[in-house]
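Data block below; observations after.
This is a predicted model, so every value here is computed, not measured. Each chain gets a letter, A, B and so on, in the order the sequences are listed, and its residues count up from 1.
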4 protein chains.
Amino acid sequence: MEKPEPTTDARVPFRAVAGGGDGPSRRRLPPQERSSQILDAALQEFAARGFAATRIDDIARRGGLSKGGVYAHFDSKEAIFQALLERALRWIDWDEMPQPGPSRAGTRALAEWIVDRLHAALLNPAAVVLLRLLVAERERVPRSIDQWRDRVTRMRAQRVAALIRERLGAQVGIDNLLLRHPWLALSPVMHVLLWQALFGPGSVPDSGFRAAHVELLCQLLGEGSAPAPV
Amino acid sequence: MEKPEPTTDARVPFRAVAGGGDGPSRRRLPPQERSSQILDAALQEFAARGFAATRIDDIARRGGLSKGGVYAHFDSKEAIFQALLERALRWIDWDEMPQPGPSRAGTRALAEWIVDRLHAALLNPAAVVLLRLLVAERERVPRSIDQWRDRVTRMRAQRVAALIRERLGAQVGIDNLLLRHPWLALSPVMHVLLWQALFGPGSVPDSGFRAAHVELLCQLLGEGSAPAPV
Amino acid sequence: MEKPEPTTDARVPFRAVAGGGDGPSRRRLPPQERSSQILDAALQEFAARGFAATRIDDIARRGGLSKGGVYAHFDSKEAIFQALLERALRWIDWDEMPQPGPSRAGTRALAEWIVDRLHAALLNPAAVVLLRLLVAERERVPRSIDQWRDRVTRMRAQRVAALIRERLGAQVGIDNLLLRHPWLALSPVMHVLLWQALFGPGSVPDSGFRAAHVELLCQLLGEGSAPAPV
Amino acid sequence: MEKPEPTTDARVPFRAVAGGGDGPSRRRLPPQERSSQILDAALQEFAARGFAATRIDDIARRGGLSKGGVYAHFDSKEAIFQALLERALRWIDWDEMPQPGPSRAGTRALAEWIVDRLHAALLNPAAVVLLRLLVAERERVPRSIDQWRDRVTRMRAQRVAALIRERLGAQVGIDNLLLRHPWLALSPVMHVLLWQALFGPGSVPDSGFRAAHVELLCQLLGEGSAPAPV
DNA sequence: TATGAATGAGGCTTCATTCAT
DNA sequence: AATGAATGAAGCCTCATTCAT
């Protein structure tokens with residue numbers, strides 16, 4: 001299977017580099033697997049140094065083969081980069097927000113569900129790395145940039161709005177702020193995403209940021225009561 | 001915007017002698033002025049291509065002098081980059097939020113004032129470029145990264161909280177969401193900042209994003225009435 | 001002379017593909033062999049122009065490969081230079097004066113043997129080149145300078161003194177000038193060595209310099225009779 | 001006066017660089033003096049690093065003026081170098097061996113006089129530096145190389161032979177080794193000169209090298225008695 | 001497919017020289 | 001004469017890519 005399970009946070013493709021295992025096999029592997037290994041390696045290298053400063057040799061060594069070997073699977077550095085972004089975007093899409101269960105009836109329950117979905121999709125190391133690469137190499141990958149905008153951001157914002165309308169339509173007016181500007185529902189996640197892109201995955205502006213996000217949504221959706229503790 | 005603007009776009013292709021034109025003078029300039037010109041040029045080049053892919057020669061030409069000439073002012077490409085970030089951070093700090101006038105009494109007036117200050121400071125081309133460089137070259141400039149966190153982000157969040165407490169203390173409870181998690185007040189700006197870093201300065205998730213931001217603050221501060229349309 | 005000779009003078013100007021000729025092969029070689037070829041080339045180039053004025057490109061071309069290829073074998077120009085000196089010093093040491101045969105019994109026979117050993121070791125093109133490089137780049141290679149002093153000069157002077165003491169101990173007093181100042185036995189060779197370093201290998205202050213040196217030793221060792229003419 | 005006194009060992013042009021005085025004057029000087037200052041500076045810089053590695057800027061600063069200023073006095077780096085060598089050779093020639101006094105009658109007295117003259121002329125820092133430059137930059141200065149051979153070496157050897165013939169003609173046979181190969185009389189000096197060129201001025205192969213040299217000459221000139229102590 | 005030496009274009013940096021001041 | 005910023009030609013070194021093995 002090329003892709004990690006879509007529902008958890010463990011989608012991170014960073015396999016142990018010099019781990020306790022045996023590392024990437026040194027010898028002939030099925031092409032699919034080799035390519036995947038190379039992309040894994042490339043992700044880490046590009047993430048650490050950016051496109052221009054990453055050497056094919058670095059990728060090759062981390063992928064467990066030689067420079068020439070990489071060229072048996074990809075035509076150029078550029079091609080590796082593109083393939084990498086495509087795969088990463090596919091991973092994020094994988095998480096296309098499903099239907100919340102019927103138990104998510106109340107405002108708070110729905111808000112929590114939404115926040116959890118957003119965090120799972122966008123606040124994991126792979127997403128942070130992807131964002132960094134997109135920001136850094138914007139000119140190089142207009143296609144991926146567009147996909148990020150449409151499928152990662154806009155689609156999710158619309159989905160959130162649709163859910164609210166669908167589940168809480170009666171309670172919140174049609175002119176609710178979140179319905180008029182759904183992107184606001186994503187802002188705290190984007191804020192944290194940016195934070196992690198700058199200061200490293202794991203860093204957060206505030207340890208209670210998930211609860212804060214939930215509370216924000218609740219208040220904007222008209223639920224006046226104080227939140228349950230995190 | 002109260003920041004100096006990069007002087008010109010004129011990319012003198014190669015005039016043998018002194019150019020009487022409008023581009024940066026090809027002739028001897030006071031070091032201060034030359035350095036500034038070089039940094040202006042570097043800002044644009046680095047912003048367009050990133051650190052590694054930018055050639056000193058590009059910077060030089062755009063700055064109106066020759067490759068070698070740059071080295072009379074900076075020791076290395078790295079040094080240019082560092083100086084650039086320092087200057088850019090100084091510009092943003094320049095905008096340290098002042099005291100709002102006494103007319104900013106009501107919730108909405110204060111919210112508008114806050115949003116305007118944040119937008120002025122963070123949603124201008126220079127800030128967007130700075131952010132892109134910081135994200136792309138994180139490892140290279142840990143110092144600047146720290147400054148960005150402390151002085152651009154945290155300090156502003158605290159300032160917002162202090163203002164709210166000071167001006168609206170009676171009205172909003174001490175446990176108001178924005179007082180407990182001031183970074184939330186900045187999230188929409190950060191969202192737009194990230195948006196612009198990815199999709200280009202000028203692009204916004206929603207043309208009414210300023211009004212939306214104001215409204216968000218108002219609602220969180222307990223002002224129930226609907227806003228005037230943008 | 002029992003030292004390896006620089007392989008060839010062929011300065012392949014630029015054959016697009018593998019050259020079947022006689023120059024150093026343009027194609028993949030065992031690293032040992034390539035390195036050796038590069039050092040051969042470097043020796044000639046450095047000798048002709050000195051360290052600073054020699055271009056890596058010159059060395060590469062003379063070595064039959066491209067500029068970049070050199071860097072697969074040496075880390076830097078400096079490293080080539082160091083390796084070169086080390087190899088050259090090893091060559092000179094190679095010639096560590098062996099035991100003269102039993103036929104070298106008389107004063108003159110021993111003097112001739114000594115002079116021949118010294119000339120063979122120190123008055124060959126490789127030694128002259130080495131000396132020039134050491135003089136010119138003294139600061140750059142303190143290690144090699146020390147080796148030259150210890151192993152090329154001092155050790156040989158001591159060896160000469162030991163031989164004299166051993167073979168002619170009865171005849172020459174213990175206070176013989178050469179036993180008190182063995183370096184004097186090397187002076188004529190050093191003189192010629194310097195001469196060649198300045199005026200080119202092959203040039204000598206006097207065509208009968210070998211005979212003169214022998215005679216000098218004989219006289220200092222107390223052999224009164226005049227030598228046979230050259 | 002441009003040249004130091006010709007009879008002593010104090011001909012060394014190394015004036016204090018950052019000495020207790022005022023250093024080279026920063027402002028307008030008579031051209032002669034300025035040129036001389038520049039050559040002084042150049043001598044030290046070239047000696048330390050060789051021709052190619054010495055920057056005009058180094059010379060300028062040590063000479064107490066700016067880069068551009070140097071070009072007011074010399075056309076090029078090459079010209080400085082040539083002028084430098086010419087001046088240095090003139091200094092050595094200055095010492096053209098004069099007539100020894102009448103007190104120098106005996107073999108030993110004459111030998112001592114000869115050795116002292118040779119040492120004074122050739123074993124001083126300026127001569128060592130000159131030699132290093134000549135060895136290192138042989139190709140660059142064929143003219144100076146020739147002068148060194150003719151006027152520093154050959155002429156002195158002939159002068160020594162002439163003196164011996166003149167003063168000790170009766171005592172030593174016409175076929176004396178030193179008369180047939182006068183260069184041998186200079187060998188110990190050349191040896192030490194080379195030693196200093198390699199290991200630094202001041203270093204000697206043997207602290208009694210002057211006495212040893214005298215003794216060598218005495219023995220070759222047929223004086224059998226042991227020398228007086230140094 | 002895999003290896004890694006070899007290629008060669010390209011970028012950073014240095015520095016002799018020029019020239020406006 | 002002097003200054004020092006500016007020029008521009010090199011030179012060192014890197015690294016994407018090729019290719020013989």
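Nearest-nucleotide assignment on DNA chain E puts the 5′-proximal partner with C:Gly69, out of C:Gly69 and D:Phe51.
Rounded to an integer number of Å, the gap from CG of A:Asp57 to P of E:dG4 is 10 Å. Here the C1' atom of nucleotide F:dC13 and the CD atom of C:Glu78 are 14 Å apart, to the nearest Å. Here E:dC12 presents its C1' atom at 12 Å from CZ of B:Phe46, a figure rounded to the nearest Å. The OH atom of C:Tyr71 sits 13 Å away from the P atom of F:dC15 (whole-angstrom rounding). The interatomic distance linking B:Ile56 (CD1) with E:dG10 (C1') rounds to 14 Å, in whole Å. At whole-Å resolution of the value, CZ in C:Arg49 and P in F:dC12 are 11 Å apart.
Here A:Lys77 lies in heavy-atom contact (under 4.0 Å) with sugar-phosphate atoms only. Note on C:Ser35: nothing from the nucleic acid sits closer than 4.0 angstrom, heavy atoms only.
Atom NZ in D:Lys67 sits 9.0 Å away from atom CD1 in D:Ile56 (nearest 0.5 Å). The CG atom of A:Asp75 sits 9.5 Å away from the OH atom of A:Tyr71 when rounded to the nearest 0.5 Å.
Nearest to the side chain of A:Arg55, among E:dA5, F:dA2, F:dA16, sits F:dA16. For A:Ala72, whose side chain is taken as the heavy atoms from C-beta onward, the closest listed nucleotide among F:dA1, F:dA5, E:dT1 is E:dT1.
A salt bridge links C:Glu78 with C:Arg140: the closest approach of a Lys/Arg side-chain nitrogen to an acidic carboxylate oxygen falls below 4.0 angstrom.
For a distance-only test at 3.5 Å, the side chain of B:Lys67 fails to qualify as a donor-acceptor partner of the base of E:dG10.
Pair check for E:dA2 finds F:dT21; Watson-Crick or G-U wobble, both atom distances under 3.5 Å. Across all strands shown, the partner of E:dA16 is F:dT7, judged by Watson-Crick or G-U wobble contacts whose two distances both fall under 3.5 Å.
No donor-acceptor pair closer than 3.5 Å links the side chain of C:Ser36 to the backbone N or O of C:Gln32.
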